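Accompanying notes for the structure given below.
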Amino acid sequence: MTLQLETAPLVEKTPLERYVAPAKPSLIGLSRAELSQALGMLGVPEPQCKMRVQQLCHWIYFRGLTDFESMTSVSKELRAALADHFTLERPEVVAEQVSVDGTRKWLLRLPGETQGTDIGERPHEVECVYIPDTERGTLCVSSQVGCTLTCTFCHTGTQRLVRNLTAGEIVGQVMAARDRLGDWPGGVRPSDGVVPMAERCITNIVMMGMGEPLYNFEAVRDALLIVADGDGIAISKRRITLSTSGVVPMIERAGTEIGCMLAVSLHAVRDDLRNELVPLNRKYPIAVLLEACRNYPGVSNAKRITFEYVMLKDVNDSIDDAKALVRLLKGIPAKINLIPFNPWPGSRYECSDWERIENFSQVVFDAGYASPVRTPRGRDILAACGQLKSASEKLSARERMALRAMAMTD
Ligand code: SAH
Ligand code: SF4
């Protein structure tokens with residue numbers, strides 16, 4: 001019996017609106033107002049809530065505690081009540097790969113999901129990547145399990161299961177990474193890896209992992225505001241970059257409600273090509289996207305927008321493309337980030353030759369733009385840009401039925 005699976009390429013996949021909260025929820029990811037509400041539920045009198053929330057934030061996000069017991073400034077009774085109703089659980093590291101260049105990729109299992117008994121169902125997992133440099137350490141964080149979009153050069157785009165992450169699961173990636181790196185006050189750093197010569201291992205956050213962050217706006221916003229809170233993890237908004245494939249209607253809100261740095265995945269200078277590479281361009285073409293960038297709240301020469309441009313051999317890497325790119329970005333405070341294409345199993349593109357990349361970069365540089373070429377990091381462990389794809393695939397209902405039918409007739 002041969003299985004007829006759906007093979008037609010999807011332009012946009014529907015996100016699965018199923019999130020199974022853990023029986024005992026984690027406090028990670030709650031805003032100060034939500035923490036205050038939780039304390040109110042436990043009987044903490046209203047006038048005390050603000051101070052108690054401050055204490056909790058300190059223990060959870062500044063010190064990185066994983067249990068309530070060690071919160072010495074909190075009364076014994078409240079610690080017990082908190083432990084009865086909540087946890088400080090973060091995503092669990094189920095696999096770690098360390099690249100020869102020190103890049104680390106973690107496969108994180110999200111708390112609360114059951115293993116699933118249905119054929120083909122697995123726990124939900126995301127990937128998170130740590131890229132250490134001499135003076136900085138960047139954590140590449142995911143916003144969704146998979147991605148509803150289908151950019152043709154991106155491995156994540158081929159993943160079928162899509163679920164939005166909660167704010168807790170997004171902040172939880174930062175917490176899990178800091179646990180693993182001993183990146184809390186008094187923590188012990190790993191002896192087997194490269195860490196920056198900075199006070200902290202994680203100095204920068206990029207929302208460039210799996211998923212389209214502006215398709216999960218509220219959760220991403222709430223998570224990033226927690227990450228930037230000066231009393232806790234305290235990573236400045238200038239060191240947090242959100243990358244979007246161009247969800248135009250949400251760009252302004254990202255500026256006003258988050259206030260982080262913006263990166264835009266441009267990748268092509270003509271609509272016909274961008275329609276193919278980034279199918280979302282059919283909804284929001286280049287001119288509309290660039291208009292939203294011009295109006296990005298807070299944009300200035302000191303706060304430039306990064307335009308990402310993946311270098312695809314003989315597709316978008318000509319000198320004419322480079323010239324058109326600088327013409328297109330005229331008047332927008334911009335940085336251009338050239339990304340050598342990172343191949344993945346089954347990908348249909350090749351990376352441009354180095355000479356091409358250098359020539360392209362020269363045109364951009366001569367036009368007055370800093371044009372760093374993003375050194376591929378962690379390619380040996382499929383941790384570089386666009387190579388992420390967790391095993392959280394889910395078979396379609398039709399495939400499951402076909403498999404069941406097959407099992408029954410065998
Ligand atoms: N969804 C968001 C953020 C995640 S992707 C976005 O698309 O912007 C992060 C960056 O990696 C994007 O610029 C994306 O276009 C790029 N990318 C995806 N696949 C890639 C690949 N195979 N090689 C190089 N860069 C890739
Ligand atoms: Fe999604 Fe970004 Fe990959 Fe496109 S490049 S499929 S938007 S993760």
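As the structure is a computational prediction, the values presented were derived from the model and not from experiment. Side chains included, hydrogens not; waters and symmetry mates left out as well; all remaining heavy atoms used. Note that ligands are numbered from 1 as they come in the structure, with each ligand's atoms numbered from 1 the same way.
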Practice item. Do me a favour and list the nearest non-hydrogen protein atom to atom 13 (O) of ligand 1 with residue, atom name and distance? Key: Ser265 OG, 2.8 Å
Revision key, fill the gap. The complete set of side-chain hydrogen bond (donor to acceptor under 3.5 Å, both in side chains) pairs with one or both residues in residues 328-347, sequence neighbours excluded, reads Asn342-Arg379
Practice item. Select the closest option to atom 14 (C) of ligand 1 among His155, Met210, Met208, His267, judged by heavy-atom distance. Key: His267
Point to revise | Heavy-atom nearest neighbour of atom 17 (N) of ligand 1 within options Tyr309, Trp344, Phe153 | key: Phe153
**Study point:** Subset of ligand 2 atoms that lie under 4.0 Å from at least one heavy atom of Gly157
**Key:** 6 (S)
Point to revise | Short side-chain donor-acceptor distance under 3.5 Å, Asp101 and Ser99 | key: yes
Check your understanding: Among all protein non-hydrogen atoms, which one is nearest to atom 3 (Fe) of ligand 2, and what is the separation to 0.1 Å?
Key -> Cys154 SG, 2.4 Å
Review point. Which residue supplies the protein heavy atom nearest to atom 4 (Fe) of ligand 2, what is that atom called, and how far is it?
Key: Cys151 SG, 2.3 Å
Revision key, fill the gap. Judged by heavy atoms only, the candidate from Asn342, Thr244, Val310 nearest atom 22 (N) of ligand 1 is Asn342
Review point. So how far is it from Glu212 CD to Met250 CE, rounded to the nearest 0.5 Å?
Key: 10.0 Å
Exercise for review: Look at atom 11 (O) of ligand 1 and say which protein heavy atom is nearest, naming residue and atom and giving the distance to 0.1 Å.
Suggested key: Cys385 CB, 3.6 Å
**Study point:** Polar contact flag, side-chain donor to acceptor under 3.5 angstrom, Asp321-Asn316
**Key:** no
Point to revise | Test item: side-chain donor near acceptor, Asn216 and Gln144, under 3.5 Å | key: no
Check your understanding: So does Cys147 have any N/O/S atom less than 2.8 Å away from atom 1 (Fe) of ligand 2?
Key -> yes
Exercise for review: Report the nearest protein non-hydrogen atom to atom 4 (C) of ligand 1: residue, atom name, distance rounded to 0.1 Å.
Suggested key: Gly209 O, 3.3 Å
Review point. For atom 2 (Fe) of ligand 2, which protein heavy atom lies nearest, and how many Å away is it?
Key: Gly211 O, 4.5 Å
Point to revise | Close-contact set for ligand 2 against Ser245 heavy atoms, below 4.0 Å | key: 7 (S)
Practice item. Take Trp106 and Val129 through the side-chain contact (heavy atoms from CB on, under 4.5 Å) test and state the conclusion after the steps. Key: CA-CA 6 Å; Trp106 295 294; Val129 178; over 6 Å; no
